[in-house]
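Encoded as structure tokens, the structure appears first; notes follow it.
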Amino acid sequence: MFGIIASIIDGVLVGSVYGLAAMGLTLIWGVMDVVNLTHGSLIVAGMFALYLLTDATGLSPYAALPAIVVGGFAVGLFLYWIAVHRMIGRPPLMSLLSTFSVNLVLVGLGTAVWGTGLFNVPVSLPGLTLQRFTFPGTHILAAVLAGVLAGCLYAFLYGTRLGKAIRAVANNRGAAELVGIPTTRVLSFAFALGAALACVSGMLIATLFPFTVLSGDAYQLKSFVVIVLGGFGNPAGALFGGIALGLVEGLATPFMPVSWILVIEFGLFVAVLVARPGGVFALRRT
Amino acid sequence: MNDVMLDVVSLGAGYGEVQVLWDVSLRVSRGRVTTLVGANGAGKTTALRAIIGSISPRSGHVVFGGADVTRLPAHAKVERGLVLVPEGRQLFNAMTVEENLEMGAFSRRAARQFAHHLDRVFALFPRLAERRRQLCGTLSGGEQQMLAIGRGLMSNPELLIIDEMSLGLAPVLVHQLFRALKTLKGDGLTILLVEQNVHLAFALSDHAYVIADGRVFTEGSPQALATRPEIRRAYLGL
Ligand SMILES: Nc1ncnc2c1ncn2[C@@H]1O[C@H](COP(=O)(O)OP(=O)(O)O)[C@@H](O)[C@H]1O
Ligand SMILES: [Mg+2]
């Protein structure tokens, strides 16, 4: 019995990192109605950034976090101007196609440089043992960092002038322009912020599991499941969505082979889309 | 000759293939209230959009405070004090009353005196102060219009342009809003109004333009216009 509870708790710890990843995706969707299909590549970029930084410097993986936030932000700005800017206000299919193509280029580049082999970032952190079950220290710390970053995002969006401007642009872009908000600059900033969140979550995932250049797809799909659970365009909901997904994973793991987990997750995805298209934790959007 | 604050010269504008506005020229004098009247679909809103920069003019010039601002994006015009309260209010309905007002003061020119302007708006519309923490979607139509005007005032305008302020509102509220505009005029604010309620607008205005089919049909002082039979019939319902 305790094994199942422990598995659920561990699932929730990991799920909060999925929530952080999904926050990046849903922030971009909520602000500019763009489904960012480079999301998976950004997650992988965070993983490899961590690998390279720790490999080169020998520093603790967590010391790489600020550098990865800054790097992810810069990459996001670049992606916004090459792949997204001209698609703003056009039908969603346009940005879907353009980010999809850029994603293919990024995956191709990654494959050319690193191949498709398995990579691993060794992290030594003591775990927390309760009865016969040990919660890995990396899982606990990743969950704490994901929670802190989610809190920071929330405080930024609701407590600062720029954060409020992002919400205003999301709410009514035309009106935002009329009150003097430079909406294009705000859009590029929001995209870059979403990209930075994806990179950081990739970095945290890399402290948990081994990864390859092709890992992005699976985590991007998880982000979609989380967004559907948490409500479209709602960054606060994404964290809860991630925790819910982790809970489901934790609950399923003791009972079935790992290959079935994805089946369960996408079954859930479809069920939620059909039953509650706005998401389980959706805030009412006026 | 008055001090001209806004000088619109031969403005042409439209949407896609369709041209809506031809050769519209108008002037707004400092410290005065100017009104545009005209039938539905005449092109008044389009003219304001082209002036503010929500759509780009196809021809002509917009000169504001002596500088040509025709090609400036809307947000840059706000920074110079050219502010539009748009038709249909266009509030941030997922944000609170206070946040809407805060966003009104986003520009650098307005942010400096945020507290001062907030006091002024709350003095003008005490109802907004009572509801400052509410989501603006929960306000009544009249309160939403007060908030739209309040948000415009938060931008610290040199010229406040208001499009169809009284549309869909009960007469009591319309009178209340016009009283507020009178106060603002008394404080020396320059205002450009687009208004269906021609009686009240004329009573407040110093100068008026009649727009018909995308062109300036005629202009003059409200008193002079109100004596002309064709205008009385078309716009004053007399
Ligand atoms: N967004 C738009 N796209 C296409 N046509 C428009 C748009 N807005 C207004 N129009 C057209 O432009 C003309 C003028 O409209 P408008 O400027 O809104 O008139 P008014 O404000 O005087 O009622 C109308 O024929 C209207 O159908
Ligand atoms: Mg109109």
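Source: prediction; values computed, not measured. Each chain gets a letter, A, B and so on, in the order the sequences are listed, and its residues count up from 1.
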More than 12 non-hydrogen atoms from neighbouring residues, nucleotides or ligands closer than 6.0 Å to CZ on A/Arg86, yes or no?
no

Determine, step by step, whether B/Arg151 and A/Val179 satisfy the side-chain contact (heavy atoms from CB on, under 4.5 Å) criterion, reporting the C-alpha distance in whole Å, the side-chain angles of both residues, the deciding distance to 0.1 Å, and the verdict.
CA-CA 8 Å; B/Arg151 189 181 65 180; A/Val179 296; 3.6 Å; yes

If only atom types and distance count, is the side chain of A/Asn171 paired as donor or acceptor with the main-chain N or O of B/Asn93 below 3.5 Å?
yes

Within the supplied structure, the quantity of interest is the number of heavy atoms (other residues, nucleotides, ligands) at a distance under 6.0 Å from A/Phe78 CZ; does it exceed 12?
no

Where on B/Leu82 is there a heavy atom nearer than 4.5 Å to chain A: the side chain, the backbone, both, or neither?
neither

Check against side-chain contact (heavy atoms from CB on, under 4.5 Å), A/Leu178 and B/Ile52
CA-CA 8 Å; A/Leu178 290 181; B/Ile52 206 76; 4.0 Å; yes

So do the side chains of B/Lys77 and A/Glu177 get within less than 4.5 Å of each other, counting heavy atoms only?
no

Contact part of A/Arg185 toward chain B, heavy-atom cut-off under 4.5 Å: side chain, backbone, both or neither?
side chain

Around atom CZ of B/Arg80, are there more than 12 heavy atoms of other residues, nucleotides or ligands at under 6.0 Å?
no

Hey, are the side chains of B/Met103 and A/Arg167 touching, using non-hydrogen atoms and a 4.5 Å cut-off?
no

Heavy-atom count check: over 12 atoms from other residues, nucleotides or ligands less than 6.0 Å from A/Phe156 CZ?
yes

So, the part of B/Ala111 with a heavy atom under 4.5 Å from chain A: the answer is side chain

On the ring face of B/Phe106, is A/Arg161 found with NZ or CZ under 6.0 Å from the centre and within 45° of the axis?
yes

B/Glu99 and A/Lys164 have their tightest heavy-atom pair at OE2-CE, 4.1 Å

What I'd like to find out is whether the side chain of B/Gln90 reaches to under 4.5 Å of the side chain of A/Asn172, using heavy atoms alone.
yes

